[in-house]
Amino acid sequence: MEHIQEHINTEHIWAEARDFLQQYYQENQLEGLAARLREVEAAIGLKGQYWHTAEELAFGAKLAWRNSNRCIGRLFWPTLKVLDYRRINSPQAFIQALEDHIALADGSRKIRNVISVFPPQAPGKRLPFRIFNYELIQYAGYQEADGQIIGDPKHLEFTARCQALGWRGAGTPFDLLPLVYQYEDQPVQFHEWPPELIQEIEIEHPEWSSFQSLQLKWYKLPMISNMRLSIGGIDYPTAPFNGWYMLNEIATRNFGDQQRYNLLPAVADKLGLDRSSPFWKDKALIALNEAVYHSFQKAGATIVDHHTACEQFMRFVAREQAEGREVTGDWSWLVPPNAGSTTEVFHQEWSNEVKCPYFFPPSDSKG
């Protein structure tokens, strides 16, 4: 049966549980480790799993962020707000919890780092809740009969799936897609976010008034929703989390990449750039970054430029080294796509070893 964990490797679960609990008790300078280990070992032997305390869950989620090899924003891992939704057992409560998460994270100008943890994968049982969105908030993509794409090409397939479920967008380049989810063995459903819940930023350039005619915008809250949170041998497949945007994510990749919105030619034309020059793309890319950064700053919305993000990451590295901990990282993700060699991160080498707790992509199988 789909989404059922059938094979239970209790030895593997116990080994991960033991390692995690030892780290939890050591880093927090707690007593009572031996008794807790006996309790957890007995639960695994009897049920094939155990239940994290609220404190263990919060610490494990923070560690998963601290260990995330692709994340450059790990300096702020201790600030993560963990919402414990493991006992939610209805679609209505599930949707309300997600909307509460968005409101908490994006309820003011400054974004708050938040993760919502829903029930874990139980041995021999169907996953209680499943989210099909890659990001909880994302824009639709439509392919016209002539092959033209309106919106985000990355989400063509997912948009078609939403339409097959009965959702209909307005057909603009920035239609917010609904939440697509499943509760136990019930049919897959969609839920449209209340318009007032999702905050979007209109993009303008501080100097080029012609830029406004592109009618660009982007949402404030990046919220990953399809990663598997693994803590001490227990999997939480539904654990959406958010940080805030790094400038390059929107301006360079989402707007600039040819396979995404591919806006560099349009920006170049608006700015009157000479496209016979080998540097026209560079100039258009800089203009896009200036526009996105200016617009988020003007709105008081949280965003970090790539130079500041790299400086923050190196502060994270220094703090971890001072605690005697090795920092791991995926160099290809940590180095920004703009001006990479001007940052200190570019000139470092990192081990890409995975340390648990960790956020795993949905395609990754558990070891």
**Request:** Name the orientation class of the two ring planes belonging to Phe118 and Phe94 (parallel below 30°, tilted from 30 to 60°, perpendicular beyond 60°).
**Result:** perpendicular
**Asked** In terms of side-chain heavy atoms, does Thr328 have a donor or acceptor partner in Lys355 at a distance below 3.5 Å?
**Response** no
**Request:** Please assess Lys220 against Thr302 for the test side-chain hydrogen bond (donor to acceptor under 3.5 Å, both in side chains), listing each intermediate value before the final yes or no.
**Result:** CA-CA 8 Å; Lys220 279 176 57 181; Thr302 308; over 6 Å; no
**Asked** Near Arg253 CZ, under 6.0 Å, is it more than 12 heavy atoms from other residues, nucleotides or ligands?
**Response** no
**Request:** With sequence neighbours excluded, give me every ring-ring contact (aromatic ring centres under 6.0 Å, His included) pair touching residues 18-48.
**Result:** Phe20-His52, Tyr24-Phe59
**Item:** ILVMFWY network linking Ile198 to Tyr181, side-chain heavy atoms under 4.5 angstrom
**Value:** yes
**Prompt:** Honestly curious: do Ile286 and Val304 fall in one hydrophobic cluster under the side-chain, below-4.5 Å linking rule?
**Reply:** no
**Asked** Within the distance-only criterion (no hydrogens, no angle test), does the side chain of Gln348 pair as donor or acceptor with the backbone N or O of Val345 below 3.5 angstrom?
**Response** no
**Distance (rounded to the nearest 0.5 Å) between Glu16 CD and Cys356 SG** = 5.0 Å
**Asked** Side chains of Asn289 and Thr252: do they bring a donor and an acceptor to under 3.5 Å?
**Response** yes
**Item:** Gln186 atom CD, over 12 foreign heavy atoms within 6.0 Å
**Value:** yes
**Gln143, CD atom: more than 12 neighbouring heavy atoms under 6.0 Å** = yes
**Prompt:** Salt-bridged, Asp152 to Lys154, with N to O below 4.0 Å?
**Reply:** no
**Message:** How long is the straight-line distance from CZ of Arg66 back to CG of Leu75, given to the nearest 0.5 Å?
**Reply:** 12.5 Å
**Asked** Would you say the side-chain atoms of Trp218 and Tyr139 include a donor-acceptor pair closer than 3.5 Å?
**Response** no
**Request:** Examine Trp350 together with Phe313 and report whether their ring centres are nearer than 6.0 Å.
**Result:** yes
**Request:** May I have the step-by-step check of side chain to side chain contact (heavy atoms under 4.5 Å, CB included) for Ile115 and Leu80, ending in yes or no?
**Result:** CA-CA 7 Å; Ile115 183 171; Leu80 181 65; 3.7 Å; yes
**Asked** Side-chain heavy atoms under 4.5 angstrom apart, residues restricted to Ile, Leu, Val, Met, Phe, Trp, Tyr: same cluster for Tyr134 and Leu221?
**Response** yes
**Side-chain donor-acceptor contact under 3.5 Å, Asn133 with Ser225** = no
**Message:** Do Ile234 and Leu37 sit in one hydrophobic cluster, given that two such residues count as connected whenever their side-chain heavy atoms are within less than 4.5 Å of each other, even indirectly?
**Reply:** yes
**salt_bridge(Arg112, Asp106) N-O dist < 4.0 Å** = no
**Message:** Under the criterion side chain to side chain contact (heavy atoms under 4.5 Å, CB included), I'd like the reasoning laid out for Val267 against Leu271: C-alpha separation, chi angles, the key distance, then a yes or no.
**Reply:** CA-CA 6 Å; Val267 170; Leu271 303 187; 3.9 Å; yes
**Fill in**
Looking only at heavy atoms, the pair that brings Phe211 and Ala287 closest together is CE1-O, 4.4 Å
**Request:** Assign the ring pair Trp331 / Phe346 to parallel, tilted or perpendicular, where the plane angle (0 to 90°) is split at 30° and 60°.
**Result:** tilted
**Request:** Step by step, work out the side-chain hydrogen bond (donor to acceptor under 3.5 Å, both in side chains) result for Glu99 and His191.
**Result:** CA-CA 11 Å; Glu99 293 188 352; His191 169 74; 2.7 Å; yes
**Message:** Using the rule given for ring pair (Phe, Tyr, Trp, His ring centres under 6.0 Å), can you reason through Phe359 versus Phe241, listing the C-alpha separation, both sets of side-chain angles and the distance that settles it, and then say yes or no?
**Reply:** CA-CA 10 Å; Phe359 290 104; Phe241 60 91; 4.4 Å; yes
**Request:** Write down the atom of Pro361, the atom of Met227, and the distance for their closest heavy-atom approach.
**Result:** CA-SD, 3.8 Å
**Asked** Do Pro240 and Ile224 touch side chain to side chain, with heavy atoms closer than 4.5 Å?
**Response** no
**Complete:** Leu334 and Gly329 have their tightest heavy-atom pair at CD1-CA, 3.9 Å
**Single-linkage hydrophobic cluster Trp167~Val180, side-chain heavy atoms < 4.5 angstrom** = yes
**Item:** Any donor-acceptor N or O pair under 3.5 Å, side chains His307, Glu311
**Value:** no
**Request:** Apply salt bridge (charged side-chain N to carboxylate O under 4.0 Å, His left out) to Arg38 and Glu41, showing your working.
**Result:** CA-CA 5 Å; Arg38 288 194 296 269; Glu41 185 177 22; over 6 Å; no
Which atom pairs, one a donor and one an acceptor, fall under 3.5 Å between side chains of residues 315-323 and the rest of the protein, sequence neighbours left out?
| residue | atom | partner | partner atom | Å |
| --- | --- | --- | --- | --- |
| Glu320 | OE1 | Arg325 | NE | 2.7 |
| Glu320 | OE1 | Arg325 | NH2 | 3.4 |
| Glu320 | OE2 | Arg325 | NH2 | 3.0 |

**Item:** Trp14-Tyr50 aromatic ring centre distance below 6.0 Å
**Value:** no
**Request:** Might you confirm whether atom CD of Glu196 has over 12 heavy atoms from other residues, nucleotides or ligands at distances under 6.0 Å?
**Result:** yes
**Message:** I need the Thr343 OG1 to Met314 CE distance, nearest 0.5 Å.
**Reply:** 9.0 Å
**Message:** Could you walk me through whether Trp244 and Phe76 satisfy the ring pair (Phe, Tyr, Trp, His ring centres under 6.0 Å) test, starting with their C-alpha distance in whole Å, then the side-chain angles of each, then the deciding distance to 0.1 Å, before giving a yes or no?
**Reply:** CA-CA 11 Å; Trp244 50 75; Phe76 305 98; 5.3 Å; yes
**Message:** We want to know whether Ser277 and Asp274 form a side-chain donor-acceptor pair, criterion being a heavy-atom distance below 3.5 angstrom.
**Reply:** no
**Request:** Please name the pair of heavy atoms, one in Tyr236 and one in Pro119, separated by the smallest distance, quoted to 0.1 Å.
**Result:** CD2-C, 4.4 Å
**Fill in**
One should read off an interatomic distance between Leu197 CG and Ile137 CD1, to the nearest 0.5 angstrom, of 7.0 Å
**Asked** Between the side chains of Asn248 and His306, does any donor sit under 3.5 Å from an acceptor?
**Response** yes
**Request:** Taking only Lys NZ, Arg NE, NH1 and NH2, and the carboxylate oxygens of Asp or Glu, determine whether Lys217 and Glu200 approach each other closer than 4.0 Å.
**Result:** yes
**Distance in Å, Leu136 CG paired with Leu177 CG, rounded so as to fall on 0.5 Å steps** = 11.0 Å
**Message:** Between Asp100 and Gln96, do the side chains contain a donor N or O and an acceptor N or O under 3.5 Å apart?
**Reply:** yes
**Request:** Please say whether more than 12 non-hydrogen atoms of neighbouring residues, nucleotides or ligands are located less than 6.0 Å from CD in Gln258.
**Result:** no
**Asked** Trp65 and Arg74: side chain to side chain contact (heavy atoms under 4.5 Å, CB included), yes or no, with the steps?
**Response** CA-CA 7 Å; Trp65 185 10; Arg74 286 179 268 171; 3.9 Å; yes
**Item:** Over 12 non-hydrogen atoms of neighbours within 6.0 angstrom of CD in Gln26
**Value:** no
**Request:** May I have the step-by-step check of side chain to side chain contact (heavy atoms under 4.5 Å, CB included) for Leu104 and Leu83, ending in yes or no?
**Result:** CA-CA 10 Å; Leu104 175 62; Leu83 302 178; 4.1 Å; yes
**Asked** Run the salt bridge (charged side-chain N to carboxylate O under 4.0 Å, His left out) check on Glu202 and Lys298 step by step: do they pass?
**Response** CA-CA 10 Å; Glu202 303 288 337; Lys298 182 179 179 180; over 6 Å; no
**Prompt:** Which distance, rounded to the nearest 0.5 Å, do you find between the CG of Leu263 and the CZ of Phe255?
**Reply:** 6.5 Å
**Message:** If you count heavy atoms of other groups shown closer than 6.0 angstrom to CH2 of Trp51, is the number above 12?
**Reply:** yes
